[in-house]
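One structure below.
Atom set for the values below is all heavy atoms of this structure, side chains included, hydrogens, waters and symmetry mates excluded. This structure is a prediction, so every number in the text was calculated from the model and none was measured. Below, read A as the first sequence line, B as the second, and so on, with proteins coming before strands; counting in each chain starts at 1.
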Amino acid sequence: MAMDGPTPLERFINGILPENPTYRQVLGMCPTLAVTNGMKEAMTMAGAVAFTLICANIVTSLIRGLLKPHLRILVFTLTIAAFVTIADRFLAAFLPDMSRALGPYVPLIIVNCVIICRCEVCASKQGVAAAAADAVGQSIGFALGLASIAAVREIIGNGSIFEFTILPEAYWPRWGIMLLPPGAFLTLGLLMGGFNLLSARSEKRKKALA
Amino acid sequence: MEIFGDIILIAITSAIINNFVLHYFVGICPFIGVSRRVDMAFGMGAAVTFVMSIAALLSWTFTYFILQPGAPLTTWLLHLGGAKAGATIDLTILSYIIYIFVIAASVQLVEMYLRKFQPVLYKSFGVFLPLITTNCAILFACLEILKYVTDPKASWGVHQALTMSIFGGVGFTIAIVIMAGIREELDHCDIPKCLRGPGITLIVAGILAMAFLGFSGVDTNLRGVMGLGAKTAQAVEKPADANQPTQMEINGK
């Protein structure tokens, strides 16, 4: 049975590192920079994006036969808006501290480039299994991206991880700048450089061995 | 006179102190993607400002008259339908969906207007206009309007909403044009291979954000100088404190 494009399992693995939304595709920068000043907020945002991405991909894949070409972005966005409303109300009801900390960035998931891009590229053209596998893989990749930046910012900026202090005040002065916007930009830029360096080195090694 | 001072304060706050790109992290995708040349960057900024103002006008109208708890139009319709005297309904749950429609409509309106009356400008915008539909900055402006219209202490009118969105767009244009100027210079530099493209742009943006961080607190002093009362102080202060710890909190910890 010929498959056009990657299989669901390949899509799942692709989303984690090879096509990582933060470091490779450079999508979804808004939440990546905004909510990564603490691991808790970052993981809450990753959970919300995962829920929205998976549900939106499945629904888009189910209605892919009915999409008109020039209205499809609007239809994707409306589907995503419905699921983001659910996620937002859920957070406001059951995790009010996180909801207040994340602020306007939960509704901004609606225009998150990652979700719209996955709907456009994958879900509107593939079956439900492929779309769901792609969504889960990309969510894990996104969560990894968020976690890496949040870990750096929170440890250096606050000496804590998940609000559990690991670098006492006496030994490590708090780099307040890491918790503010400049720290976000600098961390993401430097980590992206590091990621590119590592992947270039592993490419070179693979080519040398071949 | 207080309205005038309020408008100036909101203008300076949205454009410079709480810059949309460098403080609120919205509109980063075009900021990284389109900031290679100054003329393209200026065109993108102008397009975003245009669309943001129209979207703000429409979303304020919807929010004030239909969505907010106790909105005039919905209450009138309720009474027509035979509800009790003091009944109100809160439709803010529909706000995100309404805003998406509003933004799509604004982009269409701007596109139609430009294609008819300013064809040269329309051609120079090119593919930017449809892309603006997924721009975080515009939805963020609408969400801020929702926050301040439903906040009983602030209760923004159309003048405040329009000022915030126009000057938010101006601030976005300032940031993206500065970045474009710097990147044009960076083209002549020898950047390490791993940092080329988004990497160096983000690092430069970080340094820019540090520079703009120097403006924080200016709005508090301006408020004191202009003699605006606590009513606006409470409302306008919220965005700066809501998401990040201020410099004083960090130093005092």
Side-chain angles (χ1 to χ4, degrees), chain A residues 23 26-35 37 41 71 73-74 76-78 80-82 84-85 88-89 100-105 107-108 110-113 116-117 157-158 169 174-177 179-201, chain B residues 19 22-29 31-33 93-97 99-101 103-104 130 133-140 142-144 146-147 192-213 216 239 242-247 249-251 253:
Chain A
Y23 290 119
V26 195
L27 293 177
M29 295 284 103
C30 299
T32 313
L33 294 165
V35 307
N37 48 3
E41 290 95 350
L71 281 181
I73 302 266
L74 189 61
F76 299 154
T77 319
L78 287 172
I80 299 170
V84 167
T85 313
D88 182 42
R89 291 297 96 200
R100 222 170 299 127
L102 292 177
Y105 296 104
L108 283 178
I110 301 175
V111 285
N112 191 333
C113 301
I116 297 185
C117 187
N158 209 14
E169 186 109 29
R174 302 287 181 250
W175 289 25
I177 197 89
L179 299 173
L180 294 173
F185 284 111
L186 289 169
T187 314
L188 181 57
L190 290 170
L191 279 180
M192 208 180 278
F195 189 85
N196 288 342
L197 193 67
L198 286 176
S199 55
R201 286 227 183 113
Chain B
N19 186 294
L22 300 171
H23 184 269
Y24 283 132
F25 305 110
V26 285
I28 300 275
C29 293
F31 184 68
I32 296 184
I93 192 102
L94 296 176
S95 49
Y96 304 154
I97 300 186
Y99 291 156
I100 295 296
F101 274 121
I103 295 173
T133 319
T134 61
N135 192 338
C136 301
I138 311 201
L139 185 60
F140 181 77
C142 294
L143 292 171
E144 288 286 287
L146 174 71
K147 181 163 79 168
K193 197 141 171 246
C194 58
L195 280 178
R196 280 188 207 151
I200 196 69
T201 314
L202 286 164
I203 296 179
V204 171
I207 301 176
L208 267 181
M210 255 194 268
F212 273 72
L213 202 59
S216 61
N243 295 315
Q244 285 111 15
T246 58
Q247 198 55 40
E249 282 174 26
I250 295 172
N251 290 338
K253 222 186 251 187

What part of A:Leu197 gets closer than 4.5 Å to chain B, counting heavy atoms only: side chain, backbone, both or neither? both
The reported gap from CD1 in A:Ile110 to CD1 in B:Ile97 (rounded to nearest 0.5 angstrom) is 8.0 Å
Gap between atom CG of B:Leu143 and atom OH of A:Tyr105 - 0.5 Å precision: 10.5 Å
Between B:Ile93 and chain A, with a heavy-atom cut-off of 4.5 Å, which part of the residue counts as in contact: side chain, backbone, both or neither? both
Residues two or more places apart in sequence or in another chain: which of them pass side-chain contact (heavy atoms from CB on, under 4.5 Å) with B:Leu195? B:Ile191, B:Pro192, B:Ile203
How would you list, by chain and number, every residue that makes a ring-ring contact (aromatic ring centres under 6.0 Å, His included) with A:Phe185, sequence neighbours excluded? B:Phe25
Out of A:Pro107, A:Gly183, A:Ala82, which one racks up the most heavy-atom pairs below 4.5 Å with chain B? A:Pro107
Between A:Leu198, A:Leu78, A:Leu27, A:Ile80, the one whose heavy-atom pairs under 4.5 Å with chain B are most numerous: A:Leu78
Minimum heavy-atom distance between B:His23 and A:Pro181, given as atom pair plus value: O-CG, 3.9 Å
Should B:Leu213 and A:Ile177 count as side-chain neighbours, where that means a heavy-atom distance under 4.5 Å? yes
Between B:Ala104 and A:Leu74 the two heavy atoms that sit nearest each other are CB-CD1, 3.7 Å
Return the minimal non-hydrogen interatomic distance between A:Pro182 and B:Gly206, and the atom names on each side. CB-O, 3.5 Å
Mind checking whether B:Leu94 and A:Thr85 have side chains closer than 4.5 Å, heavy atoms only? no
If you look at every heavy atom in A:Cys30 and B:Gly27, which pair is closest and at what distance? SG-N, 4.0 Å
Counting heavy-atom pairs under 4.5 Å with chain A, which one of B:Val26, B:Ile28, B:Val204 comes out on top? B:Ile28
I'd like to know whether CZ of A:Arg201 has more than 12 heavy-atom contacts from other residues, nucleotides or ligands below 6.0 angstrom. no
Under 4.5 Å from a heavy atom of chain A, the part of B:Phe101 involved: side chain
Result for side chain to side chain contact (heavy atoms under 4.5 Å, CB included) between B:Leu202 and one of A:Leu191, A:Leu190, A:Leu188 points to A:Leu188
Hey, which of A:Val26, A:Asp88, A:Val35 has the most heavy atom pairs under 4.5 Å with chain B? A:Asp88
